[in-house]
Amino acid sequence: MVKDFSVVLEPLPPFSLALTAGNLTYFQGRVGADYFENGTYRRVLQVDGHAALLSVNDIGSVDEPRLHVRVSAENLLQSEALCAIETCRHMLAMKTDLKPFYDRVTRDSILAALTKPLRGLHPPCVPTVYEGLVFAICGQQIASTVARHIRTLIVNRYGDPFTVDGSVYRSFPSPQQLLDVGLEGLLAVKLSGRKAEYIRGIALKAAKGELDMSSLSVLTDQQIVEHLDALRGVGNWTAEWVLLRAIGRQDVFPAGDLALRRVLSKEYFGGQDISEDEARRYAERWTPFRGLVTAYLFAAQRLQK
DNA sequence: AGCCAGGCTCTCG
DNA sequence: CGAGAGCATGGC
């Protein structure tokens, strides 16, 4: 039978679940394995090979945040629940301190205006390097709406279901699950032949335990990029994406990203095209908060749509 | 209809 | 080396 384990967590203020989980789901209720409906953020995690449902509610305020976190699973062990909760902390970036960043942006009127309606937004992460890589590869080159569609297809087709109150939530498939569906299975979710190969390669490495978060997170940003760049299908863009959105590094500016350059161009260069080098150089002024700037620029753009 | 989208690899000069 | 083609799909 399904058991529950609950805790109340206090993320570093200011913290807004509406913005943090909303941004994660593109303010659309659901993307891939992330669900945010009626104020509850949900995500099915695979802990020791079986599915556990994480449900998070905000029972505090932006300045005194208190999150009610529940883990539900068949025959849930306390150790597994604690593991899921630790993952939750990481995913919602609960330990990220926004105050120094907010202090810094007061000197930049454009960022000050952009961040104001986003107060309490923490830059969210996916739970594993493996998921980050697969996620990012899905998004290479194609429009972000198409990428989201493909990510959701992968989860719908191959993720573990978890049913509660008649609603089905699905996990992101494990490396083994993606290996089991074969190249055909990946093609069936509208990936290109090439991306299917990349993702299969990534899943193979991950299944062998070669993409461990703990072994990567001791390295410097640069070392991680070099490490990931060696994987087939992974270039600088994908590696930086993983640094930001899986490992949670704070000072990365993925200037190769076309969409990011466009926001930067719109806000700071009167809409004229800028090169990757120009973008990277311009962003140096935001050290050591370049990752937060990236997250806020994207979030601002998402809210406008 | 055709072109472009939150890149990467491989192949040629 | 540096430039350029090919990839797959949905939206505009």
Side-chain angles (χ1 to χ4, degrees), chain A residues 23-28 30-32 34 114 121 123-126 131-157 181-205 211 224-249 252-269 271 273-280 282-283 290-305:
Chain A
N23 182 53
L24 193 54
T25 51
Y26 290 74
F27 304 100
Q28 316 240 323
R30 177 200 174 181
V31 173
D34 292 302
L114 281 178
L121 168 69
C125 284
V126 298
E131 181 176 331
L133 284 167
V134 174
F135 215 97
I137 288 171
C138 286
Q140 286 173 1
Q141 162 62 18
I142 57 176
S144 63
T145 51
V146 179
R148 255 147 41 206
H149 184 215
I150 292 176
R151 290 161 181 162
T152 302
L153 268 180
I154 291 177
V155 169
N156 281 349
R157 294 275 281 254
V181 304
L183 279 178
E184 321 80 73
L186 297 177
L187 295 176
V189 290
K190 306 187 177 182
L191 289 160
S192 66
R194 202 93 108 205
K195 285 185 183 175
E197 287 171 20
Y198 300 160
I199 287 174
R200 194 173 163 76
I202 299 294
L204 213 51
K205 291 248 182 206
L211 295 173
I224 296 172
V225 169
E226 282 167 19
H227 192 88
L228 296 176
D229 194 52
L231 301 168
R232 183 153 185 269
V234 179
N236 197 59
W237 179 87
T238 305
E240 292 194 280
W241 198 98
V242 168
L243 271 183
L244 281 170
R245 295 288 320 276
I247 302 176
R249 291 292 161 97
V252 182
F253 194 80
D257 187 299
L258 187 53
L260 180 59
R261 275 212 307 277
R262 277 200 311 237
V263 188
L264 190 66
S265 153
K266 175 173 166 247
E267 301 293 342
Y268 289 89
F269 292 85
D273 283 350
I274 50 174
S275 71
E276 178 169 350
D277 276 353
E278 287 174 302
R280 210 175 282 282
Y282 194 83
R290 285 175 286 188
L292 286 168
V293 173
T294 301
Y296 275 74
L297 287 175
F298 276 133
Q301 182 221 27
R302 264 171 222 184
L303 267 182
Q304 280 172 15
K305 288 193 180 172

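All chains are named by letter (A, B, ...) in the order of the sequence lines, taking the proteins before the strands, and each is independently numbered beginning at 1.
Of all the heavy atoms in A:F298 and A:A259, the pair that sits closest is CE2-CB, 3.9 Å. Taking each heavy atom of A:R290 and A:T294 in turn, the nearest pair found is O-OG1, 2.8 Å.
Taking only side-chain atoms of A:Q140, from C-beta outward, the nucleotide of B:dG6, B:dT9, B:dC8 with the closest atom is B:dC8. Set against B:dC8, B:dG6, C:dG10, the side chain of A:Y26 has B:dG6 as its closest nucleotide.
Regarding contacts with the backbone of B:dC8, a side-chain N or O of A:T238 is found under 4.0 angstrom from either OP1 or OP2. Residue A:K190 places at least one side-chain N or O closer than 4.0 Å to OP1 or OP2 of C:dG10. Contact annotation: A:R194 side-chain N/O to B:dG7 OP1/OP2 distance is not under 4.0 Å. Taking side-chain N and O atoms only, A:S192 has no distance below 4.0 Å to OP1 or OP2 of C:dC7. Side-chain nitrogen and oxygen atoms of A:R261 include none within less than 4.0 Å of the OP1 or OP2 phosphate oxygen of B:dG6.
The separation between A:I137 atom CD1 and C:dA8 atom P is 14 Å, rounded to whole Å. The nearest whole Å value for the distance from the CG atom in A:L244 to the P atom in B:dG6 is 17 Å. A:R200 has its CZ atom 22 Å from the P atom of B:dC8, to the nearest Å. If you measure from atom NZ of A:K195 to atom C1' of C:dG6, you get 13 Å, rounded to the nearest angstrom. Between A:I150 atom CD1 and C:dC7 atom P there is a gap of 16 Å when expressed in whole angstrom units. One interatomic measurement links the two molecules: CG of A:L186 to P of C:dC7, which rounds to 19 Å at whole-angstrom precision. A straight line from CG of A:L264 to P of B:dG6 spans 15 Å, rounded to a whole angstrom. What separates CZ of A:R302 from C1' of B:dG6 is a distance of 9 Å, to the nearest Å.
Between A:R261 and A:E278 no salt bridge is recorded (no basic side-chain N to carboxylate O distance below 4.0 Å).
Nucleic acid contact for A:L297: none, since no nucleic acid atom lies under 4.0 Å from a heavy atom of the residue. Base contact: A:Q141 has a heavy atom under 4.0 Å from a base atom. Residue contacts shown for A:R245 are absent, as no nucleic acid heavy atom lies under 4.0 Å away.
Closest-nucleotide positions on DNA chain C for A:I142 and A:T145 were compared, and the one nearer the 5' end corresponds to A:I142. When the nearest nucleotides of DNA chain B are assigned to A:D229 and A:L260 by heavy-atom distance, the more 5′-ward of the two goes with A:L260. Ranked by how close their nearest DNA chain B nucleotide is to the 5' end, A:G139 and A:L231 are led by A:G139.
Annotation: side chain of A:V134 is not in contact with side chain of A:I137 (no heavy-atom distance under 4.5 Å).
In terms of polar N and O atoms assigned as donor or acceptor, the side chain of A:R148 never comes within less than 3.5 Å of the base of C:dG10 in a complementary pairing.
As rounded to the nearest Å, B:dG2 and C:dA8 have C1' atoms that lie 15 Å from one another. C:dA3 and B:dG6: their C1' atoms are spaced 23 Å apart (whole Å).
Base pairing of B:dG2: its partner is C:dC12, meeting the Watson-Crick or G-U wobble criterion (both donor-acceptor distances under 3.5 Å).
The backbone N or O of A:N23 sits less than 3.5 Å from a side-chain atom of A:R302, completing a donor-acceptor pair.
In this structure, A:F298 counts as stacked on the base of B:dG6 under the 5.5 Å centre distance and 30° plane angle limits.
Here the CZ atom belonging to A:R245 is positioned 6.0 Å from the CG atom belonging to A:L24, to the nearest 0.5 angstrom.
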